[in-house]
Structures are given as C-alpha cells and as structure tokens.
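The next block holds one structure in the form of structure tokens; read it before the comments.
Reckoned from all heavy atoms, side chains included, excluding hydrogens, waters and symmetry mates. No experiment lies behind these values; they were computed from the predicted model shown. Within every chain, numbering begins at 1; the chains are lettered A, B, ... in the order of the sequence lines, protein sequences first and strands thereafter.
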Amino acid sequence: MDHIEALRIGATEQYLLDEMPDRLREEFEEHLFECQECALDVRAGKALIGQMKKELQAKPKGAPAVKRRPFLSSFVLTLAGALAASMGIVLVYQNTVTLPRLHREIAAADSPAVLQATSLMNGASRGVGMPLATVSAGQPLLLYVDLPTDDRFVSYRLTFHTPSGSLAGTIVVSPEQARNPLLVRLPAHEVSSGVYTLAVEGVPESRGPVTELAQYRFQVRNGG
Amino acid sequence: MEFETFDAAYTSRLRALDAGTLEHFASYFGELIQLKLRSRVESREVAEDLRQETFARVLSALQVEGGLRHTERLGAFVNSVCNNVLLEYYRSRGRTDSLEVYEENHPIASSAPDALSRVLSHEEVRVVRRILEQMGERDRELLRAIFLEERDKDEICRELGVGREYLRVLLHRAKQAFRFVYLQNAPPKRRDRLAKLLSLSGVRNPVSKLRDLPAGGLGSKINQ
C-alpha cells in the first residue's frame with residue numbers, strides 16, 4: 001500500500017475503528033511503520049479518541065437541549081431578547097471595526113506596493129525547515145504553492161488553518177489552474193503570527209470522499 | 001515536531017544508544033506497536049511485554065554488523081521484528097489457529113491510554129471539547145455508543161439512521177480539526193519518558209538492557 005492509496009481508502013479511520021480486514025490491516029501496517037505522515041495521523045487519531053472518551057464520559061447522555069418546551073416559553077423569550085441584543089452588538093461592531101478595517105484594506109490594495117510571496121513548494125510537513133513568511137500590518141499573505149495533481153480529481157480544495165486551529169479560509173482550484181504553480185492570497189485580516197497549515201485535498205468526480213494530497217506548514221511573522 | 005529522518009545517522013545514534021534518539025525511537029514506534037498489538041493480544045500486559053521484546057531485538061540487531069542493511073527502512077524492520085515476536089508468542093501459547101480465529105476468541109485489549117501516551121495539553125483538550133460541542137447530538141451519541149459503550153457499529157448506525165461510511169467521515173473530520181493542534185503541541189524530548197519505558201521491563205538503562213539480554217533473546221522470558 002502506498003500513501004495515496006492509504007489516503008484514498010481512509011485507512012487511518014478504518015484502522016482506528018478496527019474495521020480493516022486482516023490482509024488490508026497488515027498491508028497498511030507495513031506502510032504505517034514507514035510513513036511518518038500516516039503515523040502522525042494515526043497517533044493524532046488515537047489521542048483524539050482517547051480524549052473524546054474522557055469528555056463523553058464526563059457528559060452523560062440525555063443532556064439538556066433536546067427537551068421540548070411549550071411555544072413562547074420563558075426560554076424562548078429570553079432567547080429572543082438575547083438575539084436582539086446580539087444583533088445590536090453586531091451592528092455596532094460592523095460600523096466601528098469591520099467597515100473601517102475593510103476601508104483600510106481597500107485603500108492598501110489600491111496603493112502601489114512591493115509584496116513578497118513565500119514559496120511552499122519545498123515545504124511539505126515532513127521537512128525540517130519550515131518556510132517563514134514575514135508580513136506587514138494590513139498586507140495580505142502571498143504564497144506560492146505547487147499542487148500534486150491527479151487525473152482522478154475534478155477540483156482541488158485548499159484549506160487554511162490559523163495557529164489556533166480554526167479555519168482561515170478555503171479555496172477551490174480547477175485542474176487547469178492546478179497545472180501551474182499557484183500564487184495564493186490570504187486576506188490581511190486573517191493573518192497573525194504563528195504556525196499556519198495549508199491542507200490540499202483532491203475532489204473526485206463522483207461524490208466520493210475527498211483525498212488529502214498534501215499538508216504544508218509555514219510560520220507567519222508580523223513584521224509590523 | 002517529532003519528524004525524524006530514519007537514515008544512517010539516526011541508526012548510528014540509535015546504535016550508540018544516544019538517549020534522545022532512544023527516546024524518540026521508543027515513543028514513536030512504541031505507540032505504533034501498541035496500536036498494532038491492541039487487537040492481537042488479550043491484555044495490555046502481554047502487549048507491553050511484546051513491545052519491550054521488539055525493542056530489545058531491534059536494538060540488538062543494530063549492534064551486529066549488517067543487522068540492518070537498509071537504514072532508511074528502519075520502520076519496516078521494526079514492523080517485521082514485531083511480527084516475528086508476535087508469531088513466537090502465539091506459538092509459545094500453543095496456538096496454531098489463525099489470527100482470525102484467535103481474535104474471535106480474544107476481544108480487543110484495553111485501548112485506554114498506555115504508559116507511552118503523552119498527556120494532552122490544555123489547548124488540545126480545549127480543541128477536543130470544541131469539536132464535540134460543534135457536533136450534533138446524534139454524532140455525539142454515535143461516538144458515545146461506539147467508544148464508550150462499545151456497541152455493535154452496524155446496530156448503532158442503523159438505529160441512528162446513518163451508514164458506516166458516515167462514522168469514518170465523522171472521525172476523519174474530527175481528526176483533521178485536531179491534527180494541527182496535536183502537531184503543534186508535540187512535547188519536548190524528556191528523558192524521564194525513556195526511563196519509564198525501560199523501567200517497564202525492570203531495566204534501569206539501555207546499556208544494561210542490552211547487556212542483560214539472554215542468549216536466546218527475551219523470547220524465553222515471554223514464553224514462561
């Protein structure tokens with residue numbers, strides 16, 4: 001079994017769920033002991049399951065929220081009040097923070113500037129030296145990425161995660177675009193210092209599961 | 001980061017019983033071996049014995065000239081040694097039945113965290129909680145039934161109106177969300193973990209472990 005095959009069949013999940021037939025399990029284990037990507041995946045999955053067990057044990061089933069309440073109960077009224085208050089807060093936030101920031105970004109985008117792009121072409125996650133991108137405040141992050149392509153895929157999905165693990169953005173790339181190295185832009189307001197991750201997935205023609213093709217990690221430093 | 005290149009330099013450090021390399025080796029392959037053995041032996045104690053035996057044989061083989069010809073295939077070598085140790089264990093128990101039959105008679109050994117599993121950081125625990133919170137009640141119920149109550153997967157999937165593939169995708173998504181933070185929180189090298197590992201077999205340090213090897217390897221110890 002090679003890495004692409006392991007990704008294609010979702011070997012890690014099958015292995016962790018003990019769903020693999022004997023022969024396949026042995027084939028995957030042969031690969032697993034040699035592939036650090038898969039080993040990391042399995043170890044992370046094992047740690048995740050271990051912690052999920054603890055969390056689920058701590059929260060017995062039949063927890064609240066599922067019980068039906070009469071229409072317009074005090075809960076619903078409280079919720080409506082909270083929603084109205086939230087909307088007010090959102091409105092204020094948009095006017096005082098979001099819109100001014102967008103204005104600043106548009107102004108920055110309209111002005112001539114020299115922007116540096118960081119190359120991830122040699123920066124797959126198993127490498128030792130992590131690419132470093134230094135960005136100025138208010139400037140977007142530009143990255144050169146070369147996608148591993150395969151005829152099986154009708155599109156490719158690029159997913160960015162911030163240093164805290166939250167989703168920073170997703171880009172869908174056509175096979176035509178993927179033929180050449182891409183210049184990818186991450187908006188300025190999504191950029192903060194820390195280690196980012198870019199996952200590249202292949203989307204098959206049928207509605208089958210997507211295949212993870214590569215993961216890139218890179219360090220972002222705000223240069224002020 | 002726990003990525004290491006398994007090459008001549010790594011093997012050479014391992015051969016020289018370098019503490020840091022030994023710790024990485026024990027931690028990295030220890031978890032993989034534990035996963036490999038979890039459904040193949042009847043107790044965690046036996047799995048631990050077999051893991052120790054595998055380590056001892058690999059380290060012994062490295063001391064012999066030509067013991068490992070292709071240093072970049074260390075992982076495959078560890079896997080094959082583990083297979084041999086497992087086979088000998090089955091034989092020593094007088095079991096000639098196939099692994100399949102054996103597994104039917106011996107349910108999975110405890111999959112609770114073992115001695116080598118690292119304690120998750122607060123950030124990792126927080127991410128796991130968030131993952132569970134963001135799931136629907138049905139998904140949490142599914143995980144609870146499978147991981148805590150260890151119910152039949154087909155039965156619970158049928159009850160909740162989902163396919164088996166749904167469970168894999170659920171685990172895959174959760175794992176992807178967790179993987180980043182897991183990777184970022186890889187612990188620094190700690191010698192006490194190595195000492196703990198070695199103490200499991202009653203050995204104080206790796207050098208004495210090798211010196212104490214009986215002529216026929218530790219197999220005689222396991223076979224008792």
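Heavy atoms of B:R130 lying under 4.5 Å from chain A belong exclusively to its side chain. Residue contact with chain B, scored on non-hydrogen atoms closer than 4.5 Å, involves the backbone and the side chain of A:L16 alike. Proximity to chain B is absent for every atom of A:T159, based on heavy atoms less than 4.5 angstrom apart.
Taking both residues in full, the closest heavy atoms of A:R43 and B:S27 are given as NH2-OG, 3.4 Å, listed atom of the first, atom of the second, then distance. Heavy atoms only, all atoms of each residue included: A:C35 and B:Y28 are closest at O-OH, 4.0 Å. Across all non-hydrogen atoms, the minimal contact from A:K53 to B:F147 is CE-O, 3.5 Å. Across every non-hydrogen atom of B:R179 and A:L40, the tightest pair is NH2-CD2, 3.7 Å. A:R25 approaches B:S39 most closely through the heavy-atom pair NH1-OG, 2.7 Å. Contact between A:F33 and B:L32 at its shortest, heavy atoms only, is CZ-CB, 3.8 Å.
Here CG of B:L167 is found 5.0 Å from CG of A:L17. Values are rounded to the nearest 0.5 Å. Note that the NZ atom of B:K36 and the CD atom of A:E29 stand 4.0 Å from one another [nearest 0.5 Å]. Rounding to the nearest 0.5 angstrom, the gap separating the NE2 atom in B:H172 from the CG atom in A:D41 is 8.0 Å. Remark: A:L32 CG to B:N79 CG distance equals 8.0 Å, nearest 0.5 Å. Taking CD from A:E212 and CD from B:Q176, the interatomic distance works out to 4.5 Å, rounded to the nearest 0.5 Å. With rounding to the nearest 0.5 angstrom, the CG atom of A:D18 is 10.0 Å from the CD atom of B:E150.
Each of B:V127, B:I131, B:V181 was checked for a side-chain contact (heavy atoms from CB on, under 4.5 Å) with A:L48, and the lone residue meeting it is B:I131.
Dense packing is recorded around CZ of B:R13, with more than 12 heavy atoms of other residues, nucleotides or ligands lying under 6.0 Å away. Residue-environment remark: CD (B:E155) exceeds the threshold of 12 foreign heavy atoms within 6.0 Å. Counting heavy-atom neighbours within 6.0 Å of B:Y166 OH, excluding the residue itself, gives a total above 12. Around atom CZ of B:R140, more than 12 heavy atoms belonging to other residues, nucleotides or ligands sit under 6.0 Å away.
Your options are A:P163, A:G194, A:S166, and the one with the most heavy-atom pairs under 4.5 Å with chain B is A:P163. Heavy-atom pairs under 4.5 Å with chain A peak, among B:K153, B:E123, B:E72, at B:K153. No other option in A:E30, A:E19, A:Q14, A:M52 has as many heavy-atom pairs under 4.5 Å with chain B as A:E19. Heavy-atom pairs under 4.5 Å with chain A were tallied for B:L35, B:V169, B:I33; the largest tally goes to B:L35. Note: B:A76 leads B:C82, B:A177, B:A76 in heavy-atom pairs under 4.5 Å with chain A.
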Query raised in the report: Where do B:F180 and A:R217 land on the side chain to side chain contact (heavy atoms under 4.5 Å, CB included) test, with the steps shown first?
Result: CA-CA 9 Å; B:F180 305 110; A:R217 301 180 73 239; over 6 Å; no
Report task. Determine, step by step, whether B:F6 and A:E34 satisfy the side chain to side chain contact (heavy atoms under 4.5 Å, CB included) criterion, reporting the C-alpha distance in whole Å, the side-chain angles of both residues, the deciding distance to 0.1 Å, and the verdict. Result -> CA-CA 9 Å; B:F6 296 128; A:E34 290 208 84; over 6 Å; no
Query - side chain to side chain contact (heavy atoms under 4.5 Å, CB included) evaluation trace for B:E31 with A:K46 - result: CA-CA 9 Å; B:E31 271 197 82; A:K46 180 191 164 212; 3.3 Å; yes
Query raised in the report: Could you walk me through whether A:I49 and B:L171 pass the side chain to side chain contact (heavy atoms under 4.5 Å, CB included) check?
Result: CA-CA 9 Å; A:I49 291 172; B:L171 180 59; 4.0 Å; yes
